[in-house]
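When a residue number appears, it is its place in the shown sequence, counting from 1. Bear in mind that the values here come from a model prediction, so they are computed numbers and not experimental data.
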Amino acid sequence: MSTNFQRSLSFPDWNNGKIDDTLAMNNMVGFIMFHGQGCIYVTPHKPVTGFRLYVNNIEMDVSYVKPEERTRIDISRYTRDGMNSLMVLCVEPEGLKQVIDVDIPYPEVLDGSLEEAGIDAEVMRVIEKIVESDVENGFTSAQLAIVKDGRLAYRNCWGKLNSYEQDGRVKEDSPMVNNDTLYDLASNSKMYATNYAIQYLVSRGLLDVEKRVTEYVGERFAEDVIDLSYEGYDNPGLEVQKEWKRSLRLSDILRHQAGFPADPRYYYDRYDQGRQKRGDVENVLYSGDDGSDETRKRTLDCLCKTPMMYRPGTQTVYSDADYMLLGLIVEQVTGMPEDDFLRKVFWEPMGLKHICMNPLKHGFKPEDCAATELNGNSRDGVVQFKSMRTETLQGTVHDEKAWCCLGGVAGHAGLFASATDLAKLASVMLSGGYGEHGFFSKGVIDNFMSPKSVNAANWGLGWNRQGDMERSWYFSPLSCRNTIGHQGWTGTLSMIDPERNLVIIFLTNKINSRLTNTQKDANRFNGNWYTSSTLGFVSELIYAGFMGNMSHDVLKVLLKDMVIEKQKLVAAAGEDAEDPEHPIRKAYEAIKAVAESL
């Protein structure tokens, strides 16, 4: 593939000079572009004396194009959304081959509007009211960005940078978020950091996802595995473990079928048998707590030592360990820290200013970032470990493994971004590049977006897929089956619909709140109860508006039913929800107020 352009071809007979017996294809080519944007670069070589150029069957003026000079031709008046056509015809004198070079850049993200995107403005006002009402009733903050047909159709933000004091009192002196505020993306990092890096490397033949891990990490990945037995784990024995790890391919990891435990908490400093659950090897492999180079090396040692919970390829168990390992492999292949590689390859060429890892080390201040957990990683004092943080986290990654074991630069978490910059970055999956910067080949995009198997259409290589409405609670029941994206534990959602040329990014910091009940659930924050925390309600309403005929009356009825559904959640919360200060009661009052306002 071209490293700079979507298409770099020479006419006539662009197919490596081959004359194809379909005849017409020798003089035409397709390319992805969106309405109102685009250009091409044309360089005719001697002895060309004339030619005709067409974009979408409309003839371009080439009278000013000179031989041996590279000329830019603006085609923005003639492009349309999706596939476009280019033809080079009547090259004179006849009989020449490949004497007119044509370079076609990739689409970019330009400013746009809801009307231009065909997104119902009243639907967007309802979305705004829902988030605003949630914030008024105790929710934290949110950002939303929508790109449709290569245009930033919408962006908005709500709430405070840090909503609560550490004891749960409302924080009165916090500034509000803005559209440039950075959010901790949590597991969305897996896609827009590690998957992007891997897709780039595969497109250039620098990495092969069908190779075994041992070819990148070495035999120690298998030889160093430990023989661990405990209740609930069916240990196959050390030699079988070594066999499993020798057989492991990068593609198994991308499919979350590697065999790693779901959540190996490498940052714990002691082995506490009482904390163990099936697949958990947290403390026995303690790696460190400072993110230093030495600790990063120890983290890779831990991944090598970690026993597999099942034979690779036979189960699907989502695991952070998968992408911790992939991130370290990316660094080995590129010879640089993952964030430096991403900055050099993606962020700087695309002009993205509000995306990075470790924001406080890259010119950002805490007030440039939406805060996450109020009391560090302590879950309001429920959790304790040696390297635990207790201050409100703002500008440092929340994920414990990313912070303690990998210093904030990790393959599974650690990326911070604004919704706008992330939407632009996500748009690359629609075409493979941005402007005059090519990133992914078409074949790589197809491969990574495709179902991992006939019976698992909700997974690609790393990407979550809609499949047969299998991710509807995030992507909407109305999105196309090839819609991809991801979610993040801090409260973030990304989705990319290739059929509609649509990107939706909805970011929240819902865990910037106290735990609802430390005795019942040490991972259930007050922010988790609100409609905004479900994330997918945004895409659901947007798609409903796309369907047309979304009258005010239809919206009223839909909101009425949303209130009824929220009542079910109140009932499911049981006697706890009888407290008017319980967040589910506040969330109910919030959506009820919106419904009554219509």
Side-chain angles (χ1 to χ4, degrees), residues 1-3 5-6 31-34 37 81-83 105-110 117 145-153 185 187-204 209 254-255 323 326 330 342 345-347 349-352 355 415 417 419-435 437-452 457-467 471 474-476 479-488 492-507 539:
M1 64 171 287
S2 166
T3 58
F5 294 99
Q6 181 179 172
F31 63 98
I32 300 294
M33 194 55 66
F34 301 115
Q37 67 168 295
D81 299 326
M83 186 59 67
Y106 294 86
E108 299 183 7
V109 175
L110 308 181
I146 304 171
V147 171
K148 178 74 169 73
D149 297 325
R151 300 203 174 244
L152 182 63
L185 301 183
S187 285
N188 264 295
S189 305
K190 292 179 172 73
M191 298 301 100
Y192 303 102
T194 304
N195 248 56
Y196 265 40
I198 289 173
Q199 290 172 199
Y200 179 91
L201 294 170
V202 172
S203 293
R204 282 151 182 77
V209 297
L254 287 161
R255 295 185 181 101
Y323 273 75
L326 288 173
V330 165
L342 295 167
V345 171
F346 294 100
W347 308 337
M350 292 181 64
L352 305 181
I355 185 169
L415 193 59
T420 301
D421 270 15
L422 188 59
K424 292 178 179 179
L425 189 60
S427 296
V428 169
M429 286 300 291
L430 297 175
S431 65
Y434 196 87
H437 304 283
F439 301 126
F440 314 138
S441 71
K442 300 295 191 297
V444 164
I445 291 177
D446 289 345
N447 188 34
F448 276 72
M449 288 178 60
S450 297
K452 72 178 182 183
N458 60 331
W459 285 102
L461 288 181
W463 294 98
N464 291 171
R465 295 183 81 255
Q466 169 73 319
R471 306 273 183 184
Y474 287 129
F475 298 158
S476 163
S479 65
C480 86
R481 66 186 314 276
N482 292 319
T483 296
I484 60 169
H486 216 275
Q487 303 80 46
T492 64
L493 171 69
S494 68
M495 61 159 289
I496 304 162
D497 182 338
E499 289 188 11
R500 286 189 177 272
N501 299 318
L502 174 69
V503 173
I504 298 175
I505 306 294
F506 186 54
L507 308 180
S539 57

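Once rounded to the nearest 0.5 Å, the distance linking OG of S441 with CG of D446 reads 8.5 Å. One distance of note links CG of D81 with CZ of R151; it measures 8.5 Å at 0.5 Å rounding. Put simply, CG on N188 and NE2 on H486 are 7.0 Å apart, with the number rounded to the nearest 0.5 Å. Between I198 atom CD1 and K190 atom NZ the span is 12.5 Å, to the nearest 0.5 Å. Considering CD1 of I496 and CD1 of I505, their distance stands at 6.5 Å, rounded to 0.5 Å. Here the straight-line distance linking atom OG of S187 with atom OH of Y323 works out to 10.0 Å at 0.5 Å rounding.
Looking at heavy atoms from C-beta onward, M495 lies out of side-chain contact with S476 at the 4.5 angstrom threshold. Between R465 and N482, some side-chain heavy-atom pair lies under the 4.5 Å cut-off. In this structure, the side chains of Q6 and K442 come closer than 4.5 Å at one or more pairs of heavy atoms. I504 has its side chain out of reach of F475: every pair of non-hydrogen atoms, C-beta onward, lies at least 4.5 Å apart. At least one side-chain heavy atom of E108 sits less than 4.5 Å from a side-chain heavy atom of Q37. With a 4.5 Å cut-off on side-chain heavy atoms, F506 and T492 do not count as touching. Counting only heavy atoms from C-beta outward, the side chains of N195 and L254 approach each other to under 4.5 Å.
Here the options are F448, W347, F439, F440, the test is ring pair (Phe, Tyr, Trp, His ring centres under 6.0 Å), and the partner is Y196; only F440 passes.
Summarising the geometry of G460 relative to K452, their closest heavy-atom pair is O-CB, 4.2 Å, with the distance given to 0.1 Å. Of all non-hydrogen atoms in G462 and M191, the two that sit nearest each other are O-CE, 3.2 Å. Scanning all heavy atoms of the two residues, the minimum distance from P349 to V345 falls at CG-O, 3.2 Å. Smallest separation of non-hydrogen atoms from L152 and A145: CD1-CB, 4.3 Å. Closest approach of A197 and L342 over heavy atoms only: CB-CD2, 4.3 Å. Here the closest heavy-atom approach between residue A417 and residue L422 is recorded as CB-CB, 4.3 Å.
Under the side-chain contact (heavy atoms from CB on, under 4.5 Å) criterion, Y474 pairs with Q487, L493, L535, not counting sequence neighbours.
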Atom pairs and distances, donor-acceptor, side-chain atoms in residues 424-434, under 3.5 Å, two or more places apart:
unit_1	atom_1	unit_2	atom_2	d
S427	OG	A423	O	2.8
S431	OG	G433	O	3.2
Y434	OH	V109	N	3.1

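A donor-acceptor distance shorter than 3.5 angstrom exists from the side chain of R471 to the backbone of N458, with no hydrogens or angles considered.
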